[in-house]
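One structure below.
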2 protein chains.
Amino acid sequence: MNISQAAAVVGIPPKTIRYYEEIGLISSQRAENGYRVYEDRELHMLTFLGRARSLGFTIESCRSLLALYADPNRASANVKDVAESHVAEIDLKIAELKGMRSTLSKLIKSCRGDDMPDCPILNELSRPFNKQG
Amino acid sequence: MNISQAAAVVGIPPKTIRYYEEIGLISSQRAENGYRVYEDRELHMLTFLGRARSLGFTIESCRSLLALYADPNRASANVKDVAESHVAEIDLKIAELKGMRSTLSKLIKSCRGDDMPDCPILNELSRPFNKQG
DNA sequence: CTTTACCTTCTAGTAACTGGAAGGACTATC
DNA sequence: GATAGTCCTTCCAGTTACTAGAAGGTAAAG
């Protein structure tokens, strides 16, 4: 199977697959003509990668997960650890975004949004630090 | 006021202030010795930038907001538009993160997390696409 | 035999900084 | 006046995870 067929099967662009190979996340066999060849093993790993990335795991976390995946002597506790710390990171990001959203919503509500220049949003953003609170 | 004093006042690292100048977000006067000099106007704009960035506005949105801030003939509706579309983006990100979190939590719950290799998390991540659903 | 579509590698660009090197300037001390 | 230490300058490189595009080889279709 060539790269674009593999790409179609696992839902990852060819460019991205080459990139994953370049950074050593996966490897590939080569045909006589130099083309990359993908079979079951590679397709499994690419599928794994696509799913992990779509769950927001960083490339480095994916590297750890793939190593665990490939290790028949792994402890599932190690996998769970990686997943749990990722959930913790997600929770942090969600909290941060919610904080932003809350502040912004208040500002938006206070702004009439008409054709006049007076704007509480701009006022708040430029308020000197010593008047903050 | 030199750059590191300004940095302390507005809470933005000197490096970042130079970067903002490099990309044309702000400008600065120079002293005879070539040092950047910051006064009220620049401090206001840096404060503005710091707040906007901490609310998650992109640099390009900050550029728009600064232009509106500097325009005495602006319409507050334009500011409100920028803010509202940013809230929409935040909502998208939150939804995405919540989706990830939900999927991950289920996987984590299904994993015993002991010293055995059997791991539903890895199983799910590597499950072939034709068995998905 | 030509066109089209695929493959290869390499380079560069994205967002928003951050770190570090090389060298000039200011301040404090001896 | 010499020296040490801290600040300032510019420029270059690295970060994350790709993505776009160029130049050129290969394969399949008509």
Side-chain angles (χ1 to χ4, degrees), chain A residues 1-39 42 45-46 48-66 86 89-90 92-93 96-97 100, chain B residues 1-39 42 45-46 48-66 82 85-86 89-90 92-93 96-97 100:
Chain A
M1 196 183 281
N2 283 345
I3 195 168
S4 61
Q5 295 169 300
V9 169
V10 303
I12 298 176
K15 286 255 180 191
T16 304
I17 295 178
R18 291 194 196 97
Y19 170 71
Y20 288 163
E21 181 176 333
E22 187 191 327
I23 63 174
L25 268 188
I26 52 163
S27 55
S28 63
Q29 301 301 114
R30 297 296 178 114
E32 284 186 359
N33 57 14
Y35 287 17
R36 289 172 179 82
V37 175
Y38 298 88
E39 297 305 337
E42 290 80 20
M45 300 190 70
L46 285 171
F48 188 103
L49 266 176
R51 293 247 174 75
R53 290 290 301 128
S54 79
L55 287 173
F57 285 101
T58 64
I59 290 286
E60 288 316 303
S61 292
C62 289
R63 206 185 290 276
S64 306
L65 289 172
L66 276 175
H86 184 42
E89 282 167 19
I90 289 176
L92 276 181
K93 281 187 197 162
E96 197 181 349
L97 288 170
M100 291 177 186
Chain B
M1 195 183 280
N2 283 346
I3 195 167
S4 61
Q5 297 169 300
V9 169
V10 303
I12 298 176
K15 283 259 178 188
T16 304
I17 296 178
R18 291 192 197 98
Y19 171 71
Y20 288 164
E21 180 176 334
E22 187 190 328
I23 62 173
L25 269 187
I26 52 163
S27 55
S28 65
Q29 300 303 113
R30 296 297 178 114
E32 283 185 1
N33 58 13
Y35 287 18
R36 289 172 178 81
V37 175
Y38 297 88
E39 297 305 337
E42 291 80 20
M45 299 190 72
L46 285 172
F48 188 103
L49 267 176
R51 295 247 174 75
R53 290 290 300 129
S54 78
L55 287 174
F57 285 100
T58 64
I59 290 286
E60 288 316 304
S61 292
C62 288
R63 207 185 290 276
S64 306
L65 289 172
L66 276 176
V82 174
S85 56
H86 183 43
E89 283 167 18
I90 289 175
L92 276 180
K93 281 187 197 161
E96 198 181 349
L97 288 170
M100 291 176 186

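Note on naming: letters A, B, ... go to the chains in the order of the sequence lines (proteins, then strands), and numbering restarts at 1 for each one.
The nucleotide whose nearest atom lies closest to any side-chain atom of A/I3 is, among D/dC8, C/dC6, C/dT8, C/dT8.
Regarding B/Q5, its CD atom lies at a distance of 10 Å from the P atom of D/dC7, rounded to whole Å. Residue A/L46 contributes atom CG, which lies 12 Å from atom P of D/dC18 at whole-angstrom precision.
Using a 4.0 Å cut-off, no side-chain N or O of B/R53 falls inside it from OP1 or OP2 of C/dA15. Contact between the side-chain N/O atoms of A/N33 and the OP1/OP2 oxygens of C/dT8 is not found at any separation under 4.0 Å. Residue A/R30 places no side-chain N or O under 4.0 Å from the OP1 or OP2 atom of D/dT26. At C/dA5, none of the side-chain N or O atoms of A/S4 fall inside 4.0 Å of OP1 or OP2 (strictly under the cut-off). The shortest distance between the side-chain N/O atoms of A/R36 and the OP1/OP2 oxygens of C/dT8 is below 4.0 Å.
Contacts between residues 6-28 of chain B and DNA chain D, defined by a heavy-atom separation below 4.0 Å, involve B/R18, listed by number. A heavy atom lying under 4.0 Å from DNA chain D marks the following residues of residues 54-63 of chain A, by number: A/T58, A/I59.
Nearest heavy atoms, A/L55 versus A/H86: O-NE2, 2.8 Å. Nearest heavy atoms, B/A7 versus B/I12: CB-O, 3.0 Å. The two residues B/Y38 and B/I17 have their closest heavy-atom pair at OH-CG2, 3.3 Å.
Legend: side-chain hydrogen bond (donor to acceptor under 3.5 Å, both in side chains) pairs involving residues 4-21 of chain B, not counting sequence neighbours, sorted by first then second residue: B/E21-B/S28, B/E21-B/R30, B/E21-B/R36.
Contacts of B/R53 classified as salt bridge (Lys or Arg N to Asp or Glu O under 4.0 Å), with partners at least two apart in sequence or in another chain: none. For A/T58, the side-chain hydrogen bond (donor to acceptor under 3.5 Å, both in side chains) partners two or more places apart in sequence, or in a different chain, are A/S61. Residues passing the side chain to side chain contact (heavy atoms under 4.5 Å, CB included) test with A/E96, sequence neighbours excluded: A/M100.
B/L65 is listed as a side-chain neighbour of B/F48, based on a closest heavy-atom distance under 4.5 Å. Contact annotation: the side chain of A/M45 never approaches that of A/E42 to less than 4.5 Å [non-hydrogen atoms, C-beta and beyond].
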